Amino acid sequence: MPDYLAEAQSLFEYTRHLRRDFHRHPELGFREVRTAGIVARELNELGLEVASGVAETGVVALLETGRPGPVVLLRFDMDALPIHEETGAEYASQTPGVMHACGHDGHTAIGLTVARLLHAHRHELAGTVKFVFQPAEEGLGGAQRMVSEGVLENPRPDVSLAAHLWNSQPVGWVGVTPGPAMSGAESFTIRLTGRGGHAAMPHTAIDPVLAAAHIITALQSVVSRNVHPLEAAVVSVTRVRSGETMNVIPSAAELMGTIRTFKPEVRARVLGRFEHLVENVAAALDCQAQVELDNMTLPVDNDPQVAARVQSVARTLLPEGELETEHRTMGSEDFAFMMQDVPGCFVFVGSANAEQGLNAPHHHPRFDFDERALPRAAGLLAAAAADFLLNP
Ligand code: NI
């Protein structure tokens with residue numbers, strides 16, 4: 001097996017140039033027109049078979065080795081976030097209010113680097129690599145949209161791989177976890193209807209603000225009282241809206257938030273308690289409650305065999321002690337929708353550098369990462385893909 005890590009490092013300038021260009025020109029989900037154009041141009045230049053406009057702005061490309069073998073899907077997300085960048089970096093966003101604050105600029109550059117690496121070795125490989133550059137990962141349903149538009153067919157992948165730069169860990173660290181690694185996510189909206197009135201005569205009104213406050217408090221009991229202490233779950237109320245002024249009891253209130261769980265049985269328990277509490281607390285305070293639950297993503301559940309293979313590739317590539325095999329997070333990733341149908345593995349690649357101040361969390365206006373993580377991710381993904389192609 002060639003030393004894909006060293007080869008990725010020799011392409012560092014190429015990768016960094018692309019990453020910084022994407023970073024300067026971030027685009028929100030389903031609007032990654034410029035980004036997708038560069039992706040298609042680079043892949044076309046390599047002579048890959050490229051399809052653009054998949055799920056609006058997605059790009060899918062096939063690298064055919066010309067020899068029969070498995071199909072390995074590699075997925076990279078391209079979208080930015082509605083955040084105003086505060087890094088002050090020389091390559092900072094030139095679009096006010098839009099920023100690559102999750103590292104997807106890096107992911108896109110990593111994907112194009114992996115394409116170069118595997119293309120250079122195509123004569124030694126067998127099978128097909130399917131490169132999937134996905135739009136709209138940030139809660140907008142890009143992965144589901146790509147699946148519904150047939151990204152998992154013609155040809156059907158045997159294995160799926162993806163990675164995320166991970167700023168909660170330093171550059172030099174890699175996480176490959178068998179089984180559940182990221183939680184599934186629901187979003188919720190609770191609409192409470194009471195009866196408005198004069199704030200000085202509360203007895204003539206039905207106060208939805210009071211019901212909202214009791215519901216927020218009651219929901220804290222779901223994780224602390226209804227979930228096994230050794231299981232993971234999160235219930236967060238993140239938006240509270242009601243009222244206009246100090247002397248009017250409003251007629252309605254609205255709560256929004258998210259629920260995160262790993263296991264179906266924990267999810268069922270949390271959702272059941274959630275609805276029970278909202279309906280009954282609202283009823284006790286004479287309000288009507290309407291609950292809307294939306295399943296945003298499934299848990300990222302790494303196939304144990306695929307994860308074991310990626311771990312063994314990582315061990316041959318990385319110095320002893322750089323690989324962690326038990327890392328889990330309550331964060332979510334819509335790659336789960338591709339892994340649902342195709343056994344896969346989602347790899348975390350440590351990208352923080354505290355000394356250089358490159359350690360702000362994902363989705364923070366000062367998020368930035370140590371670019372030395374880019375070739376590490378590219379080399380590891382290329383080597384893992386090559387391993388599956390040669391030893392199906
Ligand atoms: Ni992300």
Side-chain angles (χ1 to χ4, degrees), residues 15 18-19 22-23 25-32 35-36 39 55 57-59 74-83 85 87 93 98-112 114 132-146 160-169 171 173-177 180-185 187 234 258 260 296-302 327-339 344-352 358-371 373-374 376-378 380-381:
T15 315
L18 286 170
R19 181 265 160 161
F22 295 138
H23 196 90
H25 304 284
E27 296 171 300
L28 294 172
F30 293 125
R31 297 185 212 163
E32 306 91 334
T35 308
V39 167
T57 44
V59 180
L74 294 170
R75 177 280 213 166
F76 307 93
D77 46 7
M78 303 188 290
D79 57 324
L81 284 155
I83 293 176
E85 180 159 352
T87 62
S93 169
V98 183
M99 174 193 179
H100 269 296
C102 197
H104 300 187
D105 50 341
H107 300 169
T108 308
I110 289 164
L112 293 172
V114 174
V132 174
F133 289 84
Q134 182 200 305
E137 191 282 327
E138 299 286 1
L140 297 171
Q144 276 162 295
R145 185 76 187 276
M146 289 201 102
S160 61
L161 300 171
H164 209 300
L165 296 168
W166 210 235
N167 249 27
S168 63
Q169 298 291 332
V171 66
W173 173 100
V174 167
V176 183
T177 307
M182 299 184 84
S183 73
S187 64
V234 171
T258 184
R260 308 286 167 116
M296 296 191 322
T297 72
L298 306 167
V300 169
D301 194 359
N302 288 332
H327 189 78
R328 293 185 174 81
T329 166
M330 300 310 285
S332 295
E333 242 295 337
D334 70 2
F335 182 55
F337 286 108
M338 297 188 189
M339 297 172 81
C345 183
F346 192 75
V347 178
F348 300 110
V349 179
S351 54
L358 302 171
N359 61 345
H362 293 265
H363 296 202
H364 189 281
R366 283 195 295 277
F367 174 85
D368 198 359
F369 58 85
D370 188 328
E371 288 168 322
L374 297 169
R376 291 172 59 82
L380 180 57
L381 283 175

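Ligands are counted one by one from 1 in listed order, and the atoms in each one are counted from 1 as well. Since the structure is predicted, the reported quantities are computational estimates derived from the model, not experimental observations.
Between Arg376 and Asp370 no salt bridge is recorded (no basic side-chain N to carboxylate O distance below 4.0 Å). For the pair Asp77 and Arg75, the salt-bridge criterion is met [side-chain N within less than 4.0 Å of a carboxylate O].
Residues Met99 and Phe367 form a side-chain contact, since some pair of their non-hydrogen atoms from C-beta on lies under 4.5 Å apart. Side-chain contact check for Phe348 versus Ser168: every heavy-atom pair is 4.5 Å or farther apart.
Side-chain contact check for His327 and Trp173: no donor-acceptor pair (N or O, by modelled atom type) lies under 3.5 Å. With no hydrogens or angles considered, no side-chain donor-acceptor pair links His362 and Asn167 at under 3.5 Å.
Residue-and-atom listing of protein N/O/S atoms under 2.8 Å from the Ni ion (ligand 1), sorted by chain and number: Cys102 SG, His104 NE2, His164 NE2.
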